[in-house]
Asks: 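Structure incoming, see below.
Just so it is clear, the values below take in all heavy atoms, side chains as well, and ignore hydrogens, waters and symmetry mates.
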Amino acid sequence: MDRGSSMSKATQAGEGRGGLSAQEFQAKLKTYRLNESEYGLICDLLGRDPKGIEWALFSALWSEHCSYKSSKVHLKGLFNTSKRVLQSFGENAGVVDLGEGERVAFKIESHNHPSYIEPYQGAATGVGGILRDIFTMGARPIALADYLCFGRPTAPRMTQIVDGVVRGIGGYGNSVGVPTITGQTEFHESYDGNVLVNAMAVGLFRKDDKVFLSKAKGVGNWVVYVGAKTGRDGVHGASMASESFGADSAAKRPTIQIGDPFFEKLLIESCLEVMKQDLVVAIQDMGAAGLTSSSFEMASKGGVGFKLHLDQVPLRDSSMTPEDILLSESQERMLLVCEPGQFKALSEVFHRWNLDAVKIGEVTEKKTVELHWHGELLTEIDPDLLVENAPQYKRPYKQLGPQNRVSSRQAWVDGLKSAQGAKKIDGLLTSLLRDVRGTSRKFIYRQYDCRVGAATARGTSDSVGVVRLKDSNRALGVVLGCRPHVMRLDPRVGGLDAVAYPAFELALKGFEALAVTDCLNFGNPEKENVMSEFVASLDGMNSICAALEAPIISGNVSFYNETMGKNITSTPSTGLVGLRESLDHLPESFFTEEGQAIYVLKQPGFVSGGYAQEIATGTQNAIGELDGRVVGDFIRGARQLSKAPQVRATRAIGKFGLAYALSRMCLEGVGAVIDHEGLKLIRTDVDQAALFEEHFYEAIFVVDGKDTTAFEDYFTAVRQVAPIAELHRIGRTGGTSLVIGSLLESSNKDLKTAYTSGWGENFESLA
C-alpha cells in the first residue's frame, strides 16, 4: 500500500480537522497543496492534527520538489557507485576523485516553472542555486553549463522567454565570475507553455581542500545564518514548482526568487575562506523551501535536534511572519553549524565580506526541531517526520516495449521524398540549417563569458566544454545530453541515448566519461503514460551507466511540467564529466585544412528516420535495438581511436544525419568531397534518405592525408576493444563546397549563410 493512502480515523469520519469547517479545511489543504490522504498521514505521525506553523512545514518538505514522493521508489535502483565516487546521493552535489589530489563536485538542477513565469530572474536564480550546491561542498566553482528547451518561436511570449532566460543566465554567471563553457538548446511545440531551464555547475577541490557535508553534529554547537538578508521572494516556491500550470500561472509571480550575483560572489569567497580555516562543522544551502529544508534536513541527517529563534533571522522586511521566514527562498543564503569558540573568527570573515553571520540557534541532544518566535514556542517536532516520512507513491505505469519500430526504412524514405518535393537535396539541407531546430545558437552563447578564470580550453561553440586543471595540467571535459526527438521516438532508447550520446561526444575528444548528473524533466506523474516513460527512460539510462561504469551521482526530478493538461516531451537531461590526460592533440570539430582523409566510424544495429523524418511527417520510425553493453564497448573503442596521433578532427553524427554533420564541419571554410563508393560503404541504400537518417552511433574522423595507413593500422589494434565497430574511408577535405557523390553539392558560403541567418529569421528581434 502507498504510505500516502494512510488516513486517521478522525479524518475519515470527517472530524478532527483542527476546529475548521469542511469548507475551511478544504481551503487550507488547497493553500498548502496537501491532499486529504497526506493530511491523514500527518495526523497519524503526529498523533494529532497539525497546528499553526506545522502546516507550512509539511507543505514544503512533502512537496514533490523536496520529497521526490512520486519518483523515490524508482531512483533507488539507479547505478550510482564506482571506485571514483566519493559522494553520491543525499548531499548537495556528487563528488568524484580525479586522482593526483584533485576531485570535482557537480550537479544539474531545474528552474523550469520560475523561468516560464519570470524568465530573467528564474534563469538567473537557477544559476545562483546550482553554484551554491557546489561551493557548499567546499569546491570552488570552475564551470557552468545550461540545458534549455523552448517552444516554437511563434508561441505566445516565446521571444520574451528566450531573451529573458539567456540574459538571466549570462547576467548571473558573467557577474559572479564563473565561465559558462557549454550548453544545449532545443525547440519543440511541447515546450510552448512550459520551458525547461536546467543549470549545471562543476567545482574543483584542489589537493588540500576538504569536502564539507550537511550532517549537523556536536550538541551545544551553534546554528548560524550567513549571507544576504531574508525577504518575501520565493515564499511557497517549492510547492509552486510541484504542480502543473493552469490559466493562472502569471499569478504565481510573487513566488519567484530575486538573485544578486555580486552577493553570490561575496558568499563564495567568504564560505571558502571559513572552510579553509576549518571553522565549519556542517553547512547547507538555503535552496528550495529555504530555512525549512536546510534546518530540518541538517538535523535529520545528523540525528540531532535544533533550537531555532526565528526572530533572530536577518530580514529585509520587518513585517514578515514566521511562516514567511521559514518558506522564503531569498537567494545567497547559507545555514551552517560551528563550534561556539569559532564563531568570532567565522563572523569576522563574513563581516569583512559585508555579509550577515548571525547565531539563530544551537544543536540539541533531543532529536526535535524547536521553532521559537519572540519567546513563544511555535512547534517542537522530530525532523524525521518531515524529512524521512513523506509519502512514497507507487504511481501506475506500464512496462513499455520497443516503440515505433518498422521492418524496413521505406517508412522514412517515402516521407523525405514527399518533404523534398521538387527541391534539390541541397535545398532540404539548407532548410534544416535555417530551421530553428538546426540553426546556429550563437545568439545564445555569445552572451556568456566562457573564458573568465583563464582555464577554459574549449568553449561554448563546441558541444564539449574543456577546462584545464591547473595543478595536474590535465583536461576536464563537460558535456550535456538528452535529445528530445529520440525520447519521442522511444523513451527507453531516449534514456540510454541521454547518457550514451554525450559520452560518445566526450570519447571522440579523448575523454573518459567518469560520472553523470541528471535532471529528470517530466509531465504529470499521476498520468500513467508519463510514469511509463519515466520508468522506461531510467531503465535505459541505468543500462548504459553500468556499461560505461559512469554512475549517476547527483541531480533532481522535475515533475508536473505540463500546462493546461499538455505535457512536455519527457526530457531526462544529463551532464557528464570526463577526464583526459592532457590537452595535447585535442581534436577539432571542423575541417582544418585541405587534403585530409575523411572516415566514418560506425556501430551497426539501430537506425531511425530521425529528426528530419519527424519534421517532414510528424513521426519517426526505427529499425533494430540498442544494447547498453555493446554501446559501452563501442564508446570505449571510439575513445581509443580518437587518441591516434593522426586524428585532426572528430564529430558525432547526430540529429539530421550525415549531411548535416558534414555541413557543420565545412562552416570554417574548408569543404569536402564524399565519393559515391565511400558513401556505399556506410549506407546500404544511396538515396536522399541516406543523407538524413540517423544511425546510432556514427562519427566522422578527419585524419592527416599522409598518415592514413598508420591510422588504419591503429584502428585494427583498437578493434580488439570494439570488435564489431566499422571504419570506412569515405572522402577527403578540400575545395569550397560540400559534395556528396552525385546527390548533393552546396557551397560552403551557402551553408554558412543558411546556418547563421536562421536564428534571425526565427527571432527577428533577437538577431
Side-chain angles (χ1 to χ4, degrees), residues 106 108 143-149 169 179-187 198-200 202 432-433 437-446 448 450-451 456-467 475-486 497-514 516-519 550 571 573-580 583 586-592 601 610-611 635 638-639 642 647-658 660-668 694 696-702 755 759:
F106 63 98
I108 189 170
L144 288 164
D146 52 83
Y147 181 96
L148 311 174
C149 292
I169 292 169
T180 299
I181 64 170
T182 191
Q184 183 172 333
T185 305
E186 303 287 344
F187 291 90
N198 298 171
M200 177 182 177
V202 182
L432 293 174
L433 290 165
R437 291 159 287 194
T439 200
S440 171
R441 307 302 194 234
K442 189 175 182 179
F443 167 83
I444 296 175
Y445 66 72
R446 72 182 180 188
Y448 304 152
C450 71
R451 299 291 176 181
T456 306
R458 187 68 61 82
T460 47
S461 60
D462 208 302
S463 59
V464 177
V466 181
V467 175
L476 186 76
V478 180
V479 63
L480 299 175
C482 186
R483 300 188 287 175
H485 77 278
V486 182
D497 183 75
V499 175
Y501 190 75
F504 187 39
E505 291 184 295
L506 281 172
L508 293 173
K509 304 304 179 187
F511 291 91
E512 176 191 4
L514 302 183
V516 181
T517 181
D518 62 21
C519 192
T571 312
S573 70
T574 58
L576 278 68
V577 297
L579 187 64
R580 198 176 192 272
L583 287 166
L586 181 64
E588 296 289 355
S589 298
F590 51 87
F591 299 133
T592 58
L601 177 74
Y611 213 171
I635 290 172
R639 176 173 176 259
S642 74
V647 174
R648 298 293 176 264
T650 56
R651 178 180 284 272
I653 301 173
K655 69 177 179 182
F656 304 137
L658 177 66
Y660 181 82
L662 288 167
S663 68
R664 292 284 304 276
M665 297 189 80
C666 291
L667 296 180
E668 296 299 316
E694 298 174 18
F696 293 51
Y697 291 95
E698 289 184 315
I700 297 167
F701 278 74
V702 184
Y755 185 67
W759 182 271

Asks: Taking the side chain as every heavy atom from C-beta outward, state whether Phe701 and Leu508 have any pair of such atoms under 4.5 Å apart.
Replies: yes

Asks: Can you tell me how far CE of Met665 sits from CD of Glu588, rounded to the nearest 0.5 angstrom?
Replies: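 Nearest 0.5 Å value for the CD-CE distance: 9.5 Å.
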
Asks: side-chain contact (heavy atoms from CB on, under 4.5 Å), that's the test. Do Ser440 and Trp759 meet it? Break it down for me.
Replies: CA-CA 6 Å; Ser440 171; Trp759 182 271; 5.6 Å; no

Asks: To the closest 0.5 Å, what do you measure between CG (Leu148) and CD1 (Ile169)?
Replies: 4.5 Å

Asks: What distance separates Thr460 OG1 from Lys442 NZ, expressed to the nearest 0.5 Å?
Replies: 10.0 Å

Asks: Roughly how far, to the nearest 0.5 Å, is the CZ atom of Arg437 from the CZ atom of Phe656?
Replies: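 Phe656 atom CZ to Arg437 atom CZ measures 6.5 Å (nearest 0.5 Å).
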
Asks: As a quick check of understanding, evaluate side-chain contact (heavy atoms from CB on, under 4.5 Å) for Arg483 and Asp497, giving each step before the final call.
Replies: CA-CA 8 Å; Arg483 300 188 287 175; Asp497 183 75; 2.8 Å; yes

Asks: Taking all non-hydrogen atoms of both residues into account, name the closest pair between Val464 and Gly477 and its distance.
Replies: CG1-CA, 4.5 Å

Asks: Main chain of Cys450, side chain of Thr180: is a donor-acceptor contact present, judged purely on distance under 3.5 Å?
Replies: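 A pair under 3.5 Å: no.
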
Asks: Would you say Ile700 and Ile653 make side-chain contact, with heavy atoms under 4.5 Å?
Replies: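 Side chain of Ile700 against side chain of Ile653, heavy atoms only: contact under 4.5 Å found.
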
Asks: Dump the intermediate steps for side-chain contact (heavy atoms from CB on, under 4.5 Å) on Leu586 and Arg580, then the final yes or no.
Replies: CA-CA 9 Å; Leu586 181 64; Arg580 198 176 192 272; 3.8 Å; yes

Asks: Answer whether the closest heavy-atom distance between the side chains of Phe511 and Glu505 falls below 4.5 Å.
Replies: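 A side-chain contact is absent here, since even the closest heavy-atom pair is not under 4.5 Å.
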
Asks: Does the pair Thr182 and Tyr448 meet the rule for a side-chain contact (heavy atoms from CB on, under 4.5 Å), with working shown?
Replies: CA-CA 10 Å; Thr182 191; Tyr448 304 152; over 6 Å; no

Asks: Tell me the closest heavy-atom pair linking Gly575 and Phe106, and the distance in Å.
Replies: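 Closest approach of Gly575 to Phe106, heavy atoms only: O-CE1, 4.2 Å.
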
